[in-house]
Amino acid sequence: MDFKTPRYIPMSRRRRIYEGKAKILYEGPEPGTLIQHFKDDATAFNAKKHEVIEGKGVLNNRISEYIFQHLNDIGVPTHFIRRLNMREQLIREVEIIPLEVVVRNVAAGSLATRLGIDEGTQLPRSIIEFYYKNDKLSDPMVSEEHITAFGWASPQEIDDIMALAIRVNDFLSGLFLGVGIRLVDFKMETGRLWENDIMRIVVADEISPDSCRLCDIKTNDKMDKDRFRRDMGGLVEAYTEVAKRLGIVAEGERPQGSGPVLVKG
Ligand code: TMP
Ligand code: ASP
């Protein structure tokens with residue numbers, strides 16, 4: 001399929017497939033594709049807290065593009081095809097597996113609260129957790145037993161998801177470490193992608209400071225959505241700093257990827 005010259009569909013005539021809290025999915029230019037649009041909406045605590053933060057969508061589109069393109073390049077399959085414009089990217093249509101996969105390297109957030117571990121404590125090893133993606137139930141944590149018993153994913157698929165999660169964690173940890181940022185934890189989603197009769201699990205949705213915990217290695221400053229969750233302010237500034245360190249110029253319509261900037265320790 002030629003993804004280089006997609007049929008142009010005016011915004012007003014596009015079919016909206018799904019609207020989430022921070023993104024909208026539109027029908028794509030070719031069968032099997034979708035357009036993922038990043039909004040400026042920020043939500044927390046299952047949307048009980050909501051604000052529009054101008055510029056957040058543009059930054060997340062860029063940062064997520066950067067991460068997904070690099071994952072594709074190292075052979076970690078994702079739904080990402082290419083970025084279309086400031087707020088949108090072309091993706092492959094997948095069947096989303098209804099799990100939020102969280103990988104943790106350092107204690108924070110709900111793990112710190114649930115188990116009474118001080119935030120910032122290095123974990124003995126990376127820990128993978130699964131949450132059932134269901135807003136009505138506020139995304140409850142589930143075990144592999146629940147996942148297989150209720151048929152959300154098979155044991156083989158859980159193995160594949162965990163292998164992907166570890167590869168993504170290793171890649172992201174190294175990427176961010178190189179620019180002076182610690183990856184505390186992150187959330188990823190996966191989907192089933194069919195090519196002819198073959199199905200594989202790919203990384204889907206987005207990976208951005210909305211879905212990661214990131215902190216500056218030297219100052220420990222938070223560089224992620226906790227700034228919004230905890231009313232700290234400075235969210236766009238922090239996301240811009242992440243984009244700058246990754247070598248993504250955030251200003252202007254056509255930023256150039258100059259490559260990561262080495263931060264000396
Ligand atoms: P938690 O500590 O609140 O469980 O969050 C773990 C990680 O998952 C953190 O990087 C933030 C991310 N996350 C999401 O992307 N979406 C969510 O709905 C939640 C609760 C967390
Ligand atoms: N994204 C989730 C929500 O709105 C929660 C979060 O990221 O903290 O509700």
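Only this structure's heavy atoms are used, side chains among them; waters, hydrogens and symmetry mates stay out. Order of listing sets the numbers, starting from 1, for every ligand and every atom in it.
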(message) If you compare all heavy atoms of R229 against all heavy atoms of D210, which two are closest, and at what distance to 0.1 Å?
(response) NH2-O, 3.7 Å
(message) Under 3.5 Å between any N/O of D210 and any N/O of ligand 2: does that happen in this structure?
(response) no
(request) Note the single closest protein heavy atom to atom 8 (O) of ligand 2, along with its residue, its atom name and the distance in Å. (result) R229 NE, 2.7 Å
(request) Look at atom 4 (O) of ligand 2 and say which protein heavy atom is nearest, naming residue and atom and giving the distance to 0.1 Å. (result) T43 OG1, 2.5 Å
(request) For atom 2 (C) of ligand 2, state which one of K21, K187, H50 supplies the nearest heavy atom. (result) K21
Under a 3.5 Å threshold, I'd like every N/O contact between ligand 1 and protein atoms, with atom names and distance.
{"unit_1": "ligand 1", "atom_1": "2 (O)", "unit_2": "R104", "atom_2": "NH1", "d": "3.2"}
{"unit_1": "ligand 1", "atom_1": "2 (O)", "unit_2": "R104", "atom_2": "NH2", "d": "3.3"}
{"unit_1": "ligand 1", "atom_1": "2 (O)", "unit_2": "S110", "atom_2": "N", "d": "2.8"}
{"unit_1": "ligand 1", "atom_1": "2 (O)", "unit_2": "S110", "atom_2": "OG", "d": "3.4"}
{"unit_1": "ligand 1", "atom_1": "2 (O)", "unit_2": "R213", "atom_2": "NH1", "d": "2.9"}
{"unit_1": "ligand 1", "atom_1": "2 (O)", "unit_2": "R213", "atom_2": "NH2", "d": "3.4"}
{"unit_1": "ligand 1", "atom_1": "4 (O)", "unit_2": "R104", "atom_2": "NH2", "d": "2.9"}
{"unit_1": "ligand 1", "atom_1": "4 (O)", "unit_2": "S110", "atom_2": "OG", "d": "2.6"}
{"unit_1": "ligand 1", "atom_1": "10 (O)", "unit_2": "D185", "atom_2": "OD1", "d": "2.5"}
{"unit_1": "ligand 1", "atom_1": "10 (O)", "unit_2": "R213", "atom_2": "N", "d": "3.4"}

(message) Can you see whether F228 has K49 sitting over its ring - NZ or CZ less than 6.0 Å from the centre and within 45° of the normal?
(response) yes
(request) Just jot down the ligand 2 atoms closer than 4.0 angstrom to any heavy atom of K225, in number order. (result) 1 (N), 6 (C), 7 (O)
Distance (rounded to the nearest 0.5 Å) between [X] [atom1] and [Y] [atom2]:
X	Y	atom1	atom2	value
D185	N105	CG	CG	8.0 Å
K23	D41	NZ	CG	11.5 Å
H79	T33	NE2	OG1	12.0 Å
E189	I97	CD	CD1	10.5 Å

(request) Would you please say whether a donor-acceptor pair under 3.5 Å links the side chains of N72 and Q69? (result) no
(request) Verify the ring-centre separation between F130 and H146: is it less than 6.0 angstrom? (result) no
